[in-house]
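Proteins come first, then strands; the chains are lettered A, B, ... in the order of their sequence lines, and each starts at number 1.
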2 protein chains.
Amino acid sequence: MSSLAHLTLTALPQIPLIQPGDDLVAITLAGLKGAGLRLQNGDVLVYASKILSKAEGRQVALSQVQITPEARALAQRTGKDPRLVTLILEESAQVLRARPGLIIVEHRLGFVCANAGIDASNLGEEDGVLLLPRDPDASARRLRAGLQQATHADVAVIINDSHGRAWRLGTVGVAIGLAGLHPLTDRRGDRDLFGREMRVTVLGTADEIAAAASLLQGGTDEARPIIHMRGVPYRAGPGRLQDLLRPRELDLFRK
Amino acid sequence: MSSLAHLTLTALPQIPLIQPGDDLVAITLAGLKGAGLRLQNGDVLVYASKILSKAEGRQVALSQVQITPEARALAQRTGKDPRLVTLILEESAQVLRARPGLIIVEHRLGFVCANAGIDASNLGEEDGVLLLPRDPDASARRLRAGLQQATHADVAVIINDSHGRAWRLGTVGVAIGLAGLHPLTDRRGDRDLFGREMRVTVLGTADEIAAAASLLQGGTDEARPIIHMRGVPYRAGPGRLQDLLRPRELDLFRK
């Protein structure tokens, strides 16, 4: 562990504005070429969830939303658009907290986030909003398979999004979908020299990768949505988002 | 924002086991030399808090701890060593949650973490534990000033630690002290093209840097405690840990 270790991140250049139906594998391959990169085993590609949402046609026009009574009540309580709140509730398993301007939910995908991860900015049409990908693990698996078929390289793929935190300010990139890696790195036993309680035992590797990529993306914005990483210490294998989520029964802060 | 962007991280090689009183500036300069790196303006150095704690003599022998009645009660409830619990309470402003094996506190430095960040592993003597640095912002400022004096480069310094999260498994690196940068990057107004609610507005840059470095450190372990980063988009200036912490009155999850 004490030898020289390098990690490099490259934002793929000249990624076009993504449209529904776009082929993100082809776009990635063109971006890698533009950056002078050839995929190698062990590389990681991180995609801002927003471009998956766009490619997969997850735009919804607010004018088409049928407001529910539950959404109308919550919209009143939070001062948010009742059509947006209807979508937030549709995308959520449970509302954890609500206050003016903010609704914290357990998303249907299992993670806790604000406003069900719905992006109401920058869509280019007056009333359009963008939902998260329907199944980000499946999106990651498709990207990984496409890249592997084209390059024969065994890589990991992470879909990231920007989440707030309960006790800290500012958003950080987190993984909301993944393929080709175990998202946690279990260090238990590695350095238990004195048979005592270990402070750090399991590392949230996929989330640290997502955060590192987000630094270059500028907050999972669109300008630099695809990040290539080389030198990441991760364990290849069949991982999924669920592995990263704390089971409800171990949650000390839901109630 | 769409040009080629690179970020490189290097774990400085051959960092010795740190002892109380060690000169971390001299050790950093030797590590940079070993890595063939010459500091430049805008570089970032990330230090695992553990080596700051060691250099600053924050080891405490459990056999010297006078157990308090409050600690004895909490130790019984959590099944933890009452001497360790005494130190946890001394290092904390408030206990937020406790269950067998785990005490979540607001640390006296203001952040929320498990067991007050006290490291009870790997100290090399039977009953020794390691407290976090007394004032990590001050530690970061000293390192930054020392590096600047030696190299004339204007760099940012972050002290990182590994924290668990309320709803996700695995630890991630976070900043617990910093110097030379604004830890948050405010994007409000940057892309508000349609005059609508922005989803991502303020980025937790210092925490994303801390997480990226932690990938190479292997969980703020000791083997690779000092990470050099080049190409990080950050705003230089006088930042401090406090800027990263959500004020209590905006905390929806404390109670």
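Using a 4.5 Å cut-off between heavy atoms, B:D81 does not touch chain A at all. Neither the backbone nor the side chain of B:I227 comes within contact range of chain A; no heavy atom of the residue lies under 4.5 Å from a heavy atom of that chain. Residue A:R165 touches chain B through both its backbone and its side chain, counting heavy-atom pairs closer than 4.5 Å. For A:L96, the part lying near chain B is the side chain, with the backbone staying farther off; criterion is any non-hydrogen pair under 4.5 Å.
Atoms CG and OG1, on B:L7 and A:T8 in that order, are 9.0 Å from each other to the nearest 0.5 Å. Between the CG atom in B:L203 and the CD atom in A:Q217 there is a gap of 10.5 Å [rounded to 0.5 Å]. With values rounded to the nearest 0.5 angstrom, B:F111 atom CZ is found 13.0 Å from A:W167 atom CH2. Of the inter-residue distances, the one linking B:R168 atom CZ with A:L241 atom CG reads 6.5 Å to the nearest 0.5 angstrom. Between the CG atom of A:L169 and the CG atom of B:D207 there is a distance of 9.5 Å, given to the nearest 0.5 Å. Note that the CG atom of A:L252 and the CG atom of B:L102 stand 6.0 Å from one another [nearest 0.5 Å].
With chain B as partner, the option from A:A166, A:G164, A:G110 having the largest number of non-hydrogen pairs under 4.5 angstrom is A:A166. Top candidate by heavy-atom pairs under 4.5 Å with chain B, chosen from A:L184, A:L244, A:T205, A:I209, is A:L244.
Of all non-hydrogen atoms in B:G173 and A:E208, the two that sit nearest each other are N-OE2, 2.8 Å. The nearest pair of heavy atoms linking B:A212 to A:L215 is CB-CD1, 4.4 Å.
B:R99 places a side-chain heavy atom less than 4.5 Å from the side chain of A:L250.
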